[in-house]
Amino acid sequence: MLAIRWQEPARGSTDIPTETQAETGPVTTTADDHGHILVVDDDPQIRLLVARFLQRHGYQVTGAPDGRAMMEALAHSAIDLIVLDLMLPGRSGVDLCRDVRATSQVPIVMLTARTEESDRITGLEGGADDYITKPFSPRELLARIRAVLRRARAGQGAAATTASAIVTFEGWRMDLRRRELQSPSGTLIDLSTGEFDLLVAFVEHANRVLSREALMQFAKARMSDDPFDRTIDVQISRLRRKLEADARGGQLIKTVRGAGYLFASQIDHQQGMPA
């Protein structure tokens, strides 16, 4: 049984690859210019159904059954977002997510067949920007893809209009235009889209206590109706570990019990030379 709640779209309007084709490696279906989505799932029917639905909504779609095909697609195509299954043959989706994050900030929406909080946290800690649980509605997947792409493109657009603004704190150097963070030792730190946006929210409101709700609003993170959703806490935990790994002493992100979080640092703003 497919782990997807599917309402079949009308026939005859799109041409999709066959299941046999989908098993051989990355298969691309073309559409309008809304973006190029890479769907990584070992179930060929899910790949084809998702490809058909996204194509009908203006996306170009490439399907990949495993990590090898995924990396091949990333090497040969400009991918705007990855829909990545957590449970894959060979290397897991979390391992592949970490591989991607080592070299790329392409947005990632993780698919997980389980509803436990630990599985969702695992995906987010691996560098995913969002997650969706199976069985899923294709409309919900589309909505999440649109939201993640909107946040990523908004950040890129804002950075492009900034005259190479540089923010420094405690020896750290943050380039808002390039969306890069450099540690006091000169190492570039890998941050996901969500982590970078969260850090921007912190430095823009340094030395102020911010609630989880305020941080989600400032960072444009996904708001959830689930009162037990700990997405923002996972993002903060990941960001805190990365900052503390090369800190000059002291904790930059402090937890204020019962109130939220505080970014404790003096912030200096500079203007760099345009690239």
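Worth saying up front: this structure is predicted, and the values here are computed from it rather than measured. For the single chain, residues carry numbers from 1 onward in sequence order.
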> Between Leu81 and Val109, does a side chain to side chain contact (heavy atoms under 4.5 Å, CB included) hold up when you go through it step by step?
Replying inline: CA-CA 8 Å; Leu81 182 142; Val109 175; 4.2 Å; yes
>> Set out, in order, the CA-CA distance, both residues' side-chain angles and the distance that settles side chain to side chain contact (heavy atoms under 4.5 Å, CB included) for Phe263 and Leu243, then state yes or no.
In response: CA-CA 11 Å; Phe263 192 78; Leu243 291 174; 4.2 Å; yes
> Can you check side chain to side chain contact (heavy atoms under 4.5 Å, CB included) on Leu54 and Gln60, steps first, answer last?
Replying inline: CA-CA 8 Å; Leu54 294 179; Gln60 181 181 1; over 6 Å; no
>> Would Met110 and Val83 count as a side chain to side chain contact (heavy atoms under 4.5 Å, CB included) here? Give the steps.
In response: CA-CA 6 Å; Met110 188 75 77; Val83 176; over 6 Å; no
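The two residues Leu88 and Pro65 have their closest heavy-atom pair at CD2-O, 4.0 Å. Here the closest non-hydrogen pair linking Leu215 and Ile236 is CD1-CD1, 3.7 Å. Summarising the geometry of Lys242 relative to Asp190, their closest heavy-atom pair is NZ-O, 2.8 Å, with the distance given to 0.1 Å. In this structure, Met70 and Val100 approach most closely via the heavy-atom pair CE-CG2, 3.2 Å. Minimum heavy-atom separation, Val209 to Gly260: CG1-N, 4.3 Å.
From Arg98, atom CZ reaches atom CD1 of Ile108 across 11.5 Å, with rounding to the nearest 0.5 Å. Atom CG of Leu111 sits about 11.0 Å away from atom CG of Asp43, to the nearest 0.5 Å. Between Glu195 atom CD and Arg241 atom CZ the span is 9.0 Å, to the nearest 0.5 Å. To the nearest 0.5 Å, the span separating CD1 on Ile145 from CD1 on Ile37 amounts to 5.0 Å. Atom CG of Leu142 sits about 10.0 Å away from atom CD1 of Ile132, to the nearest 0.5 Å. Taking CG of Leu252 as the reference point, atom CG of Leu262 lies at 10.5 Å (rounded to 0.5 Å).
By the 4.0 Å N-to-carboxylate-O rule, Asp233 lies close enough to Arg212 to be salt-bridged with it. A salt bridge does not link Glu180 to Arg173: none of the charged side-chain nitrogens sits closer than 4.0 Å to a carboxylate oxygen. One finds a salt bridge joining Lys134 and Asp85 here, because a Lys/Arg side-chain nitrogen approaches an Asp/Glu carboxylate oxygen to under 4.0 Å.
Relative ring orientation between His57 and Phe53 is described as tilted, the plane-to-plane angle lying within the 30° to 60° band.
Partners of Arg208 according to the salt bridge (Lys or Arg N to Asp or Glu O under 4.0 Å) rule, which considers only residues two or more places apart in sequence or in another chain, do not exist here. With sequence neighbours excluded, no residue forms a ring pair (Phe, Tyr, Trp, His ring centres under 6.0 Å) with Phe196. Partners of His205 under the ring pair (Phe, Tyr, Trp, His ring centres under 6.0 Å) rule, at least two apart in sequence or in another chain, are Phe218.
Contact of the Gln182 side chain with the Asp175 side chain is not registered, since no non-hydrogen atoms from C-beta on lie closer than 4.5 Å. When side chains are defined from C-beta on, Tyr261 does not count as touching Val256, because their heavy atoms never get closer than 4.5 Å. Within the 4.5 Å cutoff, side-chain heavy atoms of Leu84 are placed close to those of Cys97. Under the 4.5 Å side-chain criterion, counting only non-hydrogen atoms from C-beta, Val167 is not in contact with Asp268. Here the side chains of Val61 and Arg52 are not in contact, with every heavy-atom distance at 4.5 Å or above. Leu74 is listed as a side-chain neighbour of Ile79, based on a closest heavy-atom distance under 4.5 Å. Taking the side chain as every heavy atom from C-beta outward, Val106 and Asp80 never approach each other to under 4.5 Å. Counting heavy atoms from C-beta outward, Val200 and Met174 have side chains that approach closer than 4.5 Å.
Looking at Glu204, its side chain never comes within 3.5 Å of a backbone N or O of Ala201 through a donor-acceptor pair. Of the possible donor and acceptor atoms, none in the side chain of Thr168 sits under 3.5 Å from a partner among the backbone N and O of Trp172. Between the side chain of Arg47 and the main chain of Gly63, no donor-acceptor pair closer than 3.5 Å is present. At distances below 3.5 Å, at least one donor-acceptor pair connects side-chain atoms of Arg240 with backbone N or O atoms of Ile253. Put simply, the side chain of Ser265 never gets that close to the backbone of Ile267: no donor and acceptor are under 3.5 Å apart. Not one N or O on the side chain of Lys254 forms a donor-acceptor pair closer than 3.5 Å with the backbone of Ala264.
Looking only at atom types and distance, the side chain of His36 has no donor-acceptor partner in the side chain of Ser77 under 3.5 Å away.
Residue Asp129 is tested with Arg101, Arg150, Arg144 for a salt bridge (Lys or Arg N to Asp or Glu O under 4.0 Å); the sole match is Arg101.
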